[in-house]
Amino acid sequence: MKIKQGLMKRNELELNTIEIELEGTTLLLLEGYGAFFMCGALDVEIYKDREVLCGKAVKVKTLEQLLNAPIFDSTQYAKSLGIIPGLTVYEAFEKIRQER
């Protein structure tokens with residue numbers, strides 16, 4: 001297993017990144033502004049009773065793809081803040097950054 005941490009900057013966004021390379025797959029995570037978004041490995045439903053601002057995108061293989069992918073699912077808390085499926089992860093982080 002190999003774990004890489006980094007920082008991704010896009011326009012005014014600054015996001016922490018984590019890539020975990022496992023046999024046959026890589027787990028991807030972008031975090032910032034009190035929120036996080038992951039690849040399809042994230043079980044959004046596990047946070048159903050908590051105020052966690054997160055979501056997942058599917059069929060992504062790189063952090064760049066994750067940032068630009070549409071959100072497939074997000075927590076109820078995220079949805080209540082307008083972070084809904086179809087919005088890109090980038091758009092979600094921009095919305096969150098501007099409201100914080």
Side-chain angles (χ1 to χ4, degrees):
M1 174 173 49
K2 184 177 178 182
I3 300 172
K4 294 190 280 187
Q5 292 181 288
L7 183 66
M8 177 184 278
K9 295 181 180 183
R10 291 293 179 275
N11 299 323
E12 297 196 24
L13 283 181
E14 284 193 20
L15 304 170
N16 296 305
T17 66
I18 297 177
E19 294 177 85
I20 302 172
E21 293 179 17
L22 302 169
E23 189 67 36
T25 193
T26 302
L27 303 179
L28 304 168
L29 181 133
L30 295 171
E31 182 274 330
Y33 312 99
F36 68 93
F37 292 87
M38 280 187 66
C39 60
L42 176 65
D43 181 5
V44 171
E45 191 63 22
I46 201 165
Y47 299 109
K48 67 181 175 186
D49 298 325
R50 297 171 58 193
E51 289 189 355
V52 176
L53 185 48
C54 70
K56 73 177 176 180
V58 297
K59 299 181 182 176
V60 295
K61 296 184 185 214
T62 67
L63 292 167
E64 192 68 37
Q65 287 178 354
L66 175 58
L67 183 65
N68 295 306
I71 295 169
F72 178 78
D73 197 11
S74 58
T75 60
Q76 275 306 121
Y77 181 66
K79 289 174 185 167
S80 76
L81 299 175
I83 308 304
I84 57 173
L87 200 66
T88 68
V89 171
Y90 177 83
E91 291 168 330
F93 272 122
E94 275 294 328
K95 182 177 181 64
I96 295 163
R97 181 185 67 80
Q98 291 172 5
E99 292 178 4
R100 298 271 168 171

In short, Ile71 meets Ala92 closest at the heavy-atom pair CD1-CB, 3.7 Å
Assess whether salt bridge (charged side-chain N to carboxylate O under 4.0 Å, His left out) is satisfied between Lys2 and Glu19, documenting all intermediate values. CA-CA 8 Å; Lys2 184 177 178 182; Glu19 294 177 85; over 6 Å; no
Tell me, yes or no, whether the heavy-atom count around Tyr90 atom OH, taken from other residues, nucleotides or ligands under 6.0 Å, exceeds 12. yes
For atom CD of Glu12, is the number of surrounding heavy atoms from other residues, nucleotides or ligands below 6.0 Å larger than 12? no
Where is the tightest heavy-atom contact between Met38 and Leu66, given as atom of each residue plus distance? O-CD1, 3.5 Å
For residues Leu13 and Leu63: do they belong to one hydrophobic cluster (side chain heavy atoms under 4.5 Å, members Ile, Leu, Val, Met, Phe, Trp, Tyr)? yes
As an exercise, state the distance from CD of Gln5 to CD of Glu31, rounded to the nearest 0.5 Å. 10.5 Å
Note: Leu15 and Leu67 closest approach over all heavy atoms is CD1-CD1, 3.9 Å
State, yes or no, whether a side-chain contact exists between Lys79 and Pro85 at a heavy-atom distance under 4.5 Å. yes
Considering all heavy atoms of both residues, which atom of Ala57 and which atom of Pro70 are nearest to each other, and what is their separation? CB-O, 3.6 Å
Considering all heavy atoms of both residues, which atom of Lys95 and which atom of Ile83 are nearest to each other, and what is their separation? CD-CD1, 3.7 Å
From the list Val52, Val89, Leu30, side chain to side chain contact (heavy atoms under 4.5 Å, CB included) partner of Phe36 resolves to Val52
Interatomic distance, Gln76 atom CD to Asp49 atom CG [nearest 0.5 angstrom]: 10.5 Å
Spacing of Asp73 atom CG and Glu45 atom CD [to the nearest 0.5 Å]: 8.0 Å
Closest heavy-atom pair and its distance - Leu27, Ala41: CD2-CB, 3.6 Å
Side-chain heavy atoms under 4.5 angstrom apart, residues restricted to Ile, Leu, Val, Met, Phe, Trp, Tyr: same cluster for Ile18 and Leu53? no
How about CD1 on Ile46, more than 12 heavy atoms from neighbouring residues, nucleotides or ligands closer than 6.0 Å, or not? no
Does NZ in Lys61 sit with more than 12 non-hydrogen atoms of other residues, nucleotides or ligands closer than 6.0 Å? no
Given the rule in the side-chain contact (heavy atoms from CB on, under 4.5 Å) test, do Thr75 and Val44 qualify, once you have shown the distances and angles that lead to the verdict? CA-CA 6 Å; Thr75 60; Val44 171; 3.8 Å; yes
I need the Ile20 CD1 to Lys4 NZ distance, nearest 0.5 Å. 12.0 Å
Supply the atom-to-atom distance Glu21 CD to Glu23 CD, rounded to the nearest 0.5 angstrom. 11.0 Å
Same cluster for Tyr33 and Tyr77 if Ile/Leu/Val/Met/Phe/Trp/Tyr side chains link at under 4.5 Å? yes
Please examine the side chains of Glu64 and Met8, heavy atoms only from C-beta on, and report whether any two atoms are closer than 4.5 Å. yes
To the nearest 0.5 angstrom, please state how far the CG atom of Leu81 sits from the CD atom of Glu51. 8.5 Å
Leu42 and Phe37: same hydrophobic cluster, using ILVMFWY side-chain contacts below 4.5 Å? no
When you compare the side chain of Thr17 with that of Leu29, does any pair of heavy atoms fall below 4.5 Å? no
Would Ile3 and Leu28 show up in the same hydrophobic cluster when neighbours are defined by side-chain heavy atoms closer than 4.5 Å? no
